[in-house]
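Here the structure comes first, spelled out in C-alpha cells, and everything after it is commentary.
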Amino acid sequence: MKKEIAVGTCFVIAGILCTCLFGYSYFTTYGFLNAYHMNAFASSQTDFVTLLGNIVWERGKLMLFLAILSLTALKPVMPLILRCLICFTCGIFLAACVMNMGWLGIVFFLVSWFPHGMFYIAGIVLLLHVDVHRFYNRRNPVVKKTAFYMGIIVLVLAGCMLEASVGTKLLKMVANAVRIS
C-alpha cells in the first residue's frame with residue numbers, strides 16, 4: 001500500500017511539474033480555466049436533461065471502453081495504468097486550477113471530483129478487481145454476471161446524476177467566488 005501511495009504521489013508531482021514547466025502559458029492564456037471560460041461557465045444556464053445526457057454519453061463511452069479492456073489480457077495491469085493516468089491528470093488539473101484561480105483553485109479541484117467521483121471510482125474498482133469468471137461456478141451464472149454489470153451501471157448513472165445536479169451547482173458557486181475576487 002505504501003508503494004502505491006508513493007507511486008501515485010510521484011505521478012501527481014510529475015503532472016504538476018509538467019504543467020508548471022511546459023504548460024504555464026497555455027493554461028493561463030489559452031486554457032479552459034482562464035478568466036473568459038470561468039465567467040462563461042459561471043453565467044451559463046444549461047438544461048438539466050441536456051447536461052445529464054451529455055454526461056451519461058461521455059462517461060458511458062469511457063466505462064464501455066474500460067469494460068471491453070477488462071475482458072482482455074490487459075486486465076491485470078489496467079489498475080496500475082489507470083491509477084498512474086488518474087494521478088498524472090489530477091496533478092495537471094490541480095496545477096492549472098491553482099495557476100488560474102489561486103488558492104480557490106484547490107477548492108475548485110476538490111469540488112470537481114466530489115461527490116460524483118466516488119461513484120465513478122467505485123464502478124471502476126468493481127469492474128477491474130472482480131473476476132467475472134468466478135460467476136461460472138455458481139448457480140445461474142448469467143443472472144449473477146448480469147446483476148454485477150447492472151450494479152456497475154447503476155453506480156455510473158448515480159455518479160452522472162450527482163455530477164449533473166450537485167456537482168455543477170458546486171462548481172458554479174466556486175466559479176462565481178473566483179469571478180468576484
Side-chain angles (χ1 to χ4, degrees), residues 1 3-16 18-19 22-23 26-27 30-33 37 41 46-97 108-136 138 140-168 170-171:
M1 184 68 173
K3 288 181 184 178
E4 293 174 353
I5 292 173
V7 168
T9 304
C10 287
F11 272 92
V12 168
I13 291 171
I16 291 171
C18 284
T19 303
F22 306 118
Y26 173 74
F27 283 111
Y30 309 110
F32 60 93
L33 292 172
H37 286 104
F41 176 73
T46 307
D47 181 35
F48 174 75
V49 175
T50 306
L51 181 63
L52 179 63
N54 188 16
I55 290 171
V56 167
W57 175 252
E58 293 300 323
R59 304 306 178 257
K61 286 190 302 188
L62 179 64
M63 288 303 287
L64 181 64
F65 178 70
L66 290 176
I68 291 170
L69 279 180
S70 73
L71 299 173
T72 66
L74 291 175
K75 187 174 180 173
V77 296
M78 276 183 55
L80 176 65
I81 293 170
L82 280 175
R83 196 174 310 124
C84 293
L85 286 174
I86 288 171
C87 289
F88 186 74
T89 305
C90 284
I92 289 173
F93 190 62
L94 177 63
C97 288
F108 188 84
F109 171 77
L110 293 174
V111 167
S112 71
W113 280 87
F114 182 79
H116 55 278
M118 296 182 299
F119 287 92
Y120 297 146
I121 296 295
I124 291 172
V125 166
L126 279 177
L127 186 64
L128 296 178
H129 288 294
V130 173
D131 186 21
V132 293
H133 297 296
R134 70 184 180 103
F135 295 133
Y136 293 127
R138 310 248 193 266
N140 299 327
V142 174
V143 173
K144 292 189 186 215
K145 194 172 182 181
T146 304
F148 171 74
Y149 284 117
M150 290 302 291
I152 292 173
I153 290 171
V154 167
L155 279 173
V156 171
L157 288 177
C160 291
M161 293 285 289
L162 282 173
E163 185 175 0
S165 59
V166 177
T168 305
L170 290 174
L171 284 174

Discussion item. For Cys84 versus Val7, what's the shortest heavy-atom pair and its separation?
Written reply: SG-CG1, 4.1 Å

Discussion item. If I compare all heavy atoms of Leu51 with all of Thr168, which pair ends up nearest, and what's the gap?
Written reply: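 Scanning both residues completely, I find the closest heavy atoms to be CD2-OG1, 3.5 Å.
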
Partner set under side-chain contact (heavy atoms from CB on, under 4.5 Å) for [X], not counting sequence neighbours:
X	result
Val77	Leu74, Ile81
Thr146	Val142, Met150
Leu128	Ser70, Met78, Pro79, Leu82, Ile124

Worksheet item: Do Thr89 and Phe11 touch side chain to side chain, with heavy atoms closer than 4.5 Å?
Response: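 No. Closest side-chain heavy atoms not under 4.5 Å.
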
Practice prompt. Return the set of residues passing side chain to side chain donor-acceptor pair (under 3.5 Å) with Thr72 (not counting sequence neighbours), or none when no residue passes.
Written response: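 So Thr72 forms no side chain to side chain donor-acceptor pair (under 3.5 Å) with any residue.
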
Which pairs would a plain distance check flag for residues 111-123, meaning a side-chain donor or acceptor within less than 3.5 Å of a matching protein atom at least two apart in sequence or in another chain?
from, atom 1, to, atom 2, distance (Å)
Ser112, OG, Phe109, O, 2.6
His116, NE2, Ser112, O, 3.0
Tyr120, OH, Gly159, O, 3.4
Tyr120, OH, Cys160, N, 3.3
Tyr120, OH, Glu163, OE1, 2.6

From [atom1] ([X]) to [atom2] ([Y]), nearest 0.5 Å:
X	Y	atom1	atom2	answer
Leu162	Leu157	CG	CG	11.5 Å
Thr46	Leu52	OG1	CG	12.5 Å
Ile92	Cys97	CD1	SG	12.0 Å
Phe88	Thr19	CZ	OG1	7.0 Å

Worksheet entry | From CA spacing to verdict: side chain to side chain contact (heavy atoms under 4.5 Å, CB included), Leu62, Arg59 | CA-CA 5 Å; Leu62 179 64; Arg59 304 306 178 257; 5.5 Å; no

Worksheet entry | Parallel, tilted or perpendicular: ring planes of Phe93 versus Phe108, cut at 30 and 60 degrees | tilted

Discussion item. The criterion is salt bridge (Lys or Arg N to Asp or Glu O under 4.0 Å); which residues satisfy it with Lys3, sequence neighbours excluded?
Written reply: none

